[in-house]
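Protein chains get the first letters and strands the later ones, always in sequence-line order, with residue 1 at the start of each. Bear in mind that the values here come from a model prediction, so they are computed numbers and not experimental data.
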There are 2 protein chains.
Amino acid sequence: MRSEKNSSGQEGRSFIETARRAQIVACAIEVIAEVGYAQASLALIAKRAGISKGVISYHFRGKDELIQQVMEEAFALGDAFVRSRVEGRTTAAAMLRAYLEASVEFYRTHRAHMIALLDIWSAFRHEDGRPRFDATTNEPELASVEEILRFGQLAGEFRGFSTRVMAVTVKQAVDGALVQMAAYPDLDLDLYVRELVETFTIATRKER
Amino acid sequence: MRSEKNSSGQEGRSFIETARRAQIVACAIEVIAEVGYAQASLALIAKRAGISKGVISYHFRGKDELIQQVMEEAFALGDAFVRSRVEGRTTAAAMLRAYLEASVEFYRTHRAHMIALLDIWSAFRHEDGRPRFDATTNEPELASVEEILRFGQLAGEFRGFSTRVMAVTVKQAVDGALVQMAAYPDLDLDLYVRELVETFTIATRKER
DNA sequence: TTATTTTTTGGCCGTGCGGTCAGAAAAAAA
DNA sequence: TTTTTTTCTGACCGCACGGCCAAAAAATAA
């Protein structure tokens, strides 16, 4: 059996182990994006990777850990990208705009990953059937949006809406773009994001 | 076996059959709302109804038809309610407001049903694993929102946004309220809907 | 009542999947 | 090379669920 990957994590990862984990995660993303989470059995993922099913069980505690890994990777990637685009902006309006544009931009450039993520989001469950990912999963992202909004209010740029409700609404709007993109490949994302920016610029600014 | 419930549907429904179907559907909603769709096996639903599992198979072509029935009932109910609140309004702004308020109101008064619906929405799949309900399922509702928006533009009340993008955004906002309500039982829905109304009133109106 | 149809029962079956395991193979250490 | 550890294989297991069915029971018709 594997040594231990407890606590701080990757201290005892051999070269092969690291490579295999990465390969398996990558294959999992591909397979899920192609056939959907429900059909993405360990057998299929293993086949894609050209290895035996047991290898996955050997390197991962189970399917759960594998999927978790996939999601964490996607989250981290997207978060870093959006964050890099937002920071540096000076006005809250610019930050909000950057958040919207960067989010959608990330969706566009990571289409397959996002489709996989979307599917995992709704299909990945605990053993008792409860969703692994739900509203609470969004809280961190929601918090950063709220931060922007509060900043805008403090700076006198934004009107006095509930930052919580507005943050949820903004996040939902962005999710909407993702869902539409996934469902309608020909969707004009440029138009879409332009509309979102305009809408939320108007909706948040101080009334004159 | 059952006679036929083809095409137009309920011509040949006996008294018992009608009653049983209704009972089973009701029990399915209860069970799903309580334990979630994934755990809501036919066995459990039957147990709740105090009948044998086979009865469900006898009255429904399968689990699929049962769930479909549950959803159709919920959709029809909600649609009728919202529609009744919207029609009669004279201005587009009032219609939009009514749409928002009625939607959230319906969620509030049908909490259990809505939670079941939410779960089914993400968990109910075709045999090949593809979602039964997806973006396209929303098109009818989206169309009625778009109708309001277009009317507002024609009447000169609303600014010149993309009605499609705005409709999706509005729908997403309302869905957001539902998700938040499901996740946080203490959510202040009155505040929430007030904020939504204000936000979209501002976001849609013609700039002065 | 008897005959016929509808409805219900409860157990059985197939299926598909994640997980496991003993042993083979490969890699690393001695 | 020999020994030891890591990695991999491929078959097998158990479980849970939806579906099925033959026969019982209940309702209805004759």
Closest to side chain of A/L42, choosing from D/dT9, D/dG18, C/dG18: C/dG18
Out of D/dA11, D/dG18, D/dT9, whichever nucleotide has its closest atom nearest the side chain of A/I51: D/dT9
Using whole Å, report how far [atom1] of [X] lies from [atom2] of [N].
X: B/K53; N: C/dC12; atom1: NZ; atom2: P; result: 12 Å
X: A/Y37; N: C/dC17; atom1: OH; atom2: P; result: 12 Å
X: B/D64; N: D/dC17; atom1: CG; atom2: C1'; result: 13 Å
X: B/E127; N: D/dC17; atom1: CD; atom2: P; result: 18 Å
X: B/R125; N: D/dC17; atom1: CZ; atom2: C1'; result: 18 Å
X: B/I24; N: C/dT7; atom1: CD1; atom2: C1'; result: 11 Å
X: B/K47; N: C/dG10; atom1: NZ; atom2: C1'; result: 15 Å
X: B/F124; N: D/dG18; atom1: CZ; atom2: C1'; result: 13 Å

Are the side chains of [Y] and [X] in contact, using a 4.5 Å heavy-atom criterion?
X: A/M166; Y: B/E195; answer: no
X: B/R21; Y: B/E65; answer: yes
X: B/Y192; Y: B/D190; answer: no

Does [N] have its OP1 or OP2 closer than 4.0 Å to a side-chain nitrogen or oxygen of [X]?
X: A/H59; N: D/dT6; value: no
X: B/R20; N: C/dT8; value: yes
X: B/Y58; N: C/dT8; value: no

Lys/Arg N to Asp/Glu carboxylate O, B/E87 vs B/R83, below 4.0 Å: no
Pair B/R130, A/Q39: side-chain N/O donor-acceptor within cut-off below 3.5 Å: no
Toward the 5' end of DNA chain C, by each residue's nearest nucleotide, A/S57 or A/Q39: A/Q39
